[in-house]
Each structure stands twice: as structure tokens, then as C-alpha cells.
J.: 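Mind looking over this structure? Questions follow.
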Amino acid sequence: MKIGIIGLGLIGGSLGRTIVKRTDDQVYAIDINKKAMLDGKLLCAYHHELNKDNVCEMDVLVFSLYPNALEGALEEYCPLLKDGCLVMDCCGNKRRVVKQMKELSKKYPRLDFISAHPMAGREFSGVNHSTATLFDRASMILVPVKADLKKIAFLKAYSLSIGFGQVVITTAEKHDEIIAFTSQLAHLVSSSYIKSQTALQFMGFSAGSFRDMTRVARLSPEMWAQLTVDNADFLVNEIDSIINSLVEYKNALKNADINQMKSLLADGNERKLLSEKMRRGKLGDDK
């Protein structure tokens, strides 16, 4: 099978390295950054350079691009693809790209479209920080747009075969609603937290809590600005929710109400335990 990857960043590079290492499939890649291509070659992120001449040979074409670059790239490459080619993206939001894919599926009915989101990442970006193990035990989210059950089953099985721990099939709306909480809110909270002036005095006073809270404040501002603004409606709701919760803690402190604080902390602890129980039940193990 021939798999094309457009965009050799952290996700595209890691996907390429994983496929090269764990399958016999041929990986073709392209990135506008020539250094990324050179580094990707050295890191075995692809076998061949993707171009307008050989893109017509791809069985699968994966777009691993920032949201604002994705729209134009889909329009550019879809007319060049062969019948039955599976078109995918790895974008962190789904409603906008799925809407475009639906329009493209009418224009190019001979193509299949599935929007994907590999739930893995690091606080570093670029192909130099890619790994062939980034997706191990991670969740792969699939939003079918125009594909039969056989093609969806193929992509699910393929994802599991290269290391993903589970595959979740959902809608664009549900994806964006939940991602606003599980991913995007976490980055904004971390970014807000590190802005305290006290953060500059952390040396000698910090441990795991500080590292955990600040890890995802390190990010690509360009990409995360696009993702958060694009998903503003769901994200604003989550921000309002966390503000309301913080106000409850603040009021308990201002009133020196130890019982209320105990109750709030106990509720948070119970919710964390419940989420872990649900996760273990879903995975079917105790890890």
C-alpha cells in the first residue's frame, strides 16, 4: 500500500516513522519546509518524496496540517487522486473540515473521506521531536464523512495494528464538544496558570504538581490559536464552567469556610476517581 503524508510536523512525522517501522507499506511525504524534509529522511519518516506526479498512486493520503492550511491543500490535491483513495486529515477540530469534506465528496464521489484525530502529542513541535512510539496505546478518533463500512473497518484495524490502543468513532459535533474540555481547555488553563508572577520564583519550591500543570503551556501559538478560535463556542462554555468552579473555591477561602472547602475538594476527588474507574472499565484493565 502507498500512503502519502502532507505535512511533516510532530504528528505527520510520527505517523510516517511508525508506518515505516511497523509495516511494509511505502510512505511518501511532502512539507514546504525543506529542512523538515531532510530531517524526516534522516529519521526514516518516509521512503519517497510526494509530488504532483506520484500523488495519483496513493491509496491513502493524510493531511497533517494546521487548520488554516488544510482547506487549500484539500482543494489542491483531491482532483489529482485515483479512484478509491482514502482522504484523511489529523486536525484537532472537526466541524469545519468535515463540512468541507462533505462538499468535496459530492465533487469527487470516487474518493473516500474519513476525518481522523490521533490523540497523542508532546509539548514540542516539529519532525525532530517525532517518535515511532508516539501513538502507542493512544486513542484514534475517526469521523466518517463518506466511506463504506469496509473502509472504516480497514482504517480501524490498521490504526490498532500500528500501535493505537483504541479507536473511537464519533461525529464532528461530539468530537469538538469533548475536545474543548479534554484538550483545548487544558492548554488554556496551563497557559493562564504559568502567567502568575509567583511562577518566576518556583525554583526549589516545585514538584510534580507544578510540572504537570505547566507542561502544556509550552505549545505552538500559531496552531493552538487557530484550534481554539475555531472551536470557540464549545471552549467558551468550558471556560465559563471552570470559572464558576474556581469562584466556589474562592468564596470558601474568603469566608474561611473549611467545611465548604472540604466538600468542594471531596467532590473533585470523587469525580477524578469516577473518571479513572470509567477509563479502566473502557480499557478493560487496571492500567
Side-chain angles (χ1 to χ4, degrees), residues 1-31 33 35-50 58-66 86 88-92 114-143 153-169 175 179 182-184 186-187 190 208 211-212 214-220 223-224 227 276 279-280 282-287:
M1 184 166 62
K2 294 183 178 181
I3 300 174
I5 299 175
I6 300 177
L8 273 183
L10 174 66
I11 298 300
S14 294
L15 186 60
R17 293 180 68 176
T18 301
I19 295 171
V20 168
K21 181 178 180 180
R22 299 181 177 179
T23 78
D24 294 324
D25 297 325
Q26 291 295 297
V27 178
Y28 294 69
I30 187 171
D31 195 289
N33 186 327
K35 186 176 186 304
M37 290 296 290
L38 291 172
D39 292 343
K41 192 65 174 176
L42 291 172
L43 292 168
C44 298
Y46 64 94
H47 300 103
H48 315 284
E49 186 169 345
L50 184 70
M58 298 303 109
D59 299 296
V60 179
L61 186 61
V62 181
F63 293 81
S64 185
L65 301 169
Y66 287 1
L86 174 57
M88 297 172 52
D89 75 286
C90 295
C91 193
I114 299 178
S115 192
H117 187 183
M119 293 302 298
R122 302 179 67 190
E123 61 269 36
F124 308 104
S125 59
V127 70
N128 282 330
H129 296 289
S130 66
T131 73
T133 57
L134 184 67
F135 307 117
D136 285 0
R137 294 183 61 81
S139 177
M140 169 65 96
I141 303 177
L142 302 180
V143 180
F154 153 75
L155 186 53
K156 178 179 179 179
Y158 193 83
S159 299
L160 295 172
S161 74
I162 61 173
F164 284 93
Q166 64 175 333
V167 176
V168 177
I169 298 175
H175 171 279
I179 287 298
T182 61
S183 178
Q184 295 166 358
H187 284 79
S190 183
R211 289 193 300 271
D212 291 345
T214 58
R215 183 180 68 82
V216 294
R218 181 165 182 170
L219 44 69
S220 165
M223 182 182 76
W224 283 96
L227 290 172
E276 285 299 305
R279 183 184 69 87
R280 289 195 299 270
K282 185 72 174 176
L283 293 176
D285 59 31
D286 294 322
K287 295 179 181 179

J.: Could you tell me if the side chain of V168 sits less than 4.5 Å from the side chain of M119, heavy atoms only?
T.: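 They are not in side-chain contact.
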J.: Any side-chain heavy atom of M37 sitting closer than 4.5 Å to one from Y46?
T.: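 A side-chain contact exists here, since the closest heavy-atom pair is under 4.5 Å.
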J.: Please determine whether the number of non-hydrogen atoms from other residues, nucleotides or ligands lying under 6.0 Å from atom NZ of K156 exceeds 12.
T.: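 At most 12 heavy atoms, drawn from other residues, nucleotides or ligands, come within 6.0 Å of this atom.
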J.: If I compare all heavy atoms of A138 with all of A120, which pair ends up nearest, and what's the gap?
T.: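 That would be CB-CB, 4.0 Å.
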J.: Return the CD1 to OG distance between I19 and S14, rounded to the nearest 0.5 Å.
T.: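 Going from the CD1 atom of I19 to the OG atom of S14 covers 11.0 Å.
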J.: Can D25 and Y158 be counted as having a side-chain donor-acceptor contact under 3.5 angstrom?
T.: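 Result is yes, a qualifying pair exists.
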J.: Just verifying a value: how many Å separate L86 CG and D59 CG, rounded to the nearest 0.5 Å?
T.: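 That separation rounds to 9.5 Å.
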J.: For T182 and A186, which heavy atoms make the closest approach, and how far apart are they?
T.: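 The answer is O-CB, 4.3 Å.
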J.: Between CZ of R22 and CZ of F135, what distance do you get to the nearest 0.5 Å?
T.: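 Taking CZ in R22 and CZ in F135, the distance rounds to 10.0 Å.
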J.: Measure the spacing between CG of D89 and CD1 of I6 and express it to the nearest 0.5 Å.
T.: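 Going from CG on D89 over to CD1 on I6, the span is 11.5 Å.
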J.: Quick check: closest heavy atoms across P118 and I11, and the distance to 0.1 Å?
T.: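 Closest pair (atom of P118, atom of I11, distance): CG-CG2, 3.9 Å.
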J.: Answer yes or no: is there a side-chain heavy-atom contact under 4.5 Å between K35 and D39?
T.: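 Heavy-atom side-chain distance check passes, below 4.5 Å.
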J.: Tell me whether the count of non-hydrogen atoms from other residues, nucleotides or ligands lying under 6.0 Å of CG in D212 goes above 12.
T.: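 Result for CG/D212: enclosed.
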J.: Do F63 and S115 come close enough that some side-chain heavy atom pair is under 4.5 Å?
T.: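 The answer is no; the side chains never approach within 4.5 Å.
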J.: Please find the pair of heavy atoms, one from V216 and one from H187, that lie closest to each other, and give the distance.
T.: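 Here V216 and H187 meet closest at O-CD2, 3.3 Å.
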J.: Could you check if a side-chain atom of V27 sits within less than 4.5 angstrom of a side-chain atom of R17, using non-hydrogen atoms only?
T.: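 Sidechains of R17 and V27: no contact.
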J.: Where does the angle between the aromatic ring planes of H175 and H117 fall among parallel (under 30°), tilted (30 to 60°) and perpendicular (over 60°)?
T.: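 Tilted, since the angle between the ring planes falls between 30° and 60°.
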J.: Parallel, tilted or perpendicular: which fits the ring planes of Y28 and H48, with parallel below 30° and perpendicular above 60°?
T.: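 Judged by the thresholds at 30° and 60°, the geometry between Y28 and H48 is tilted.
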J.: State the CD1-CD1 distance between I169 and I114, to the nearest 0.5 angstrom.
T.: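 With rounding to 0.5 Å, CD1 (I169) is 8.0 Å from CD1 (I114).
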J.: Nearest 0.5 Å please: distance from the CD1 atom of I162 over to the NZ atom of K21.
T.: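 With rounding to 0.5 Å, CD1 (I162) is 12.5 Å from NZ (K21).
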J.: Taking all heavy atoms of V167 and all of S159, pick out the closest pair and write down the distance.
T.: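 Where V167 meets S159 most closely, the heavy atoms are CG2-CB, 3.9 Å.
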J.: Is any side-chain heavy atom of I5 closer than 4.5 Å to one of L50?
T.: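 Side chain of L50 against side chain of I5, heavy atoms only: no contact under 4.5 Å found.
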J.: Side chains of L43 and S130: does their closest heavy-atom pair fall under 4.5 Å?
T.: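 Heavy-atom side-chain distance check passes, below 4.5 Å.
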J.: Is there side-chain contact between L10 and L134, with heavy atoms separated by less than 4.5 Å?
T.: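 A side-chain contact under 4.5 Å exists here.
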J.: What's the shortest heavy-atom distance between L8 and A45, and which atoms?
T.: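 Smallest heavy-atom distance, with atoms named: CD2-CB, 4.3 Å.
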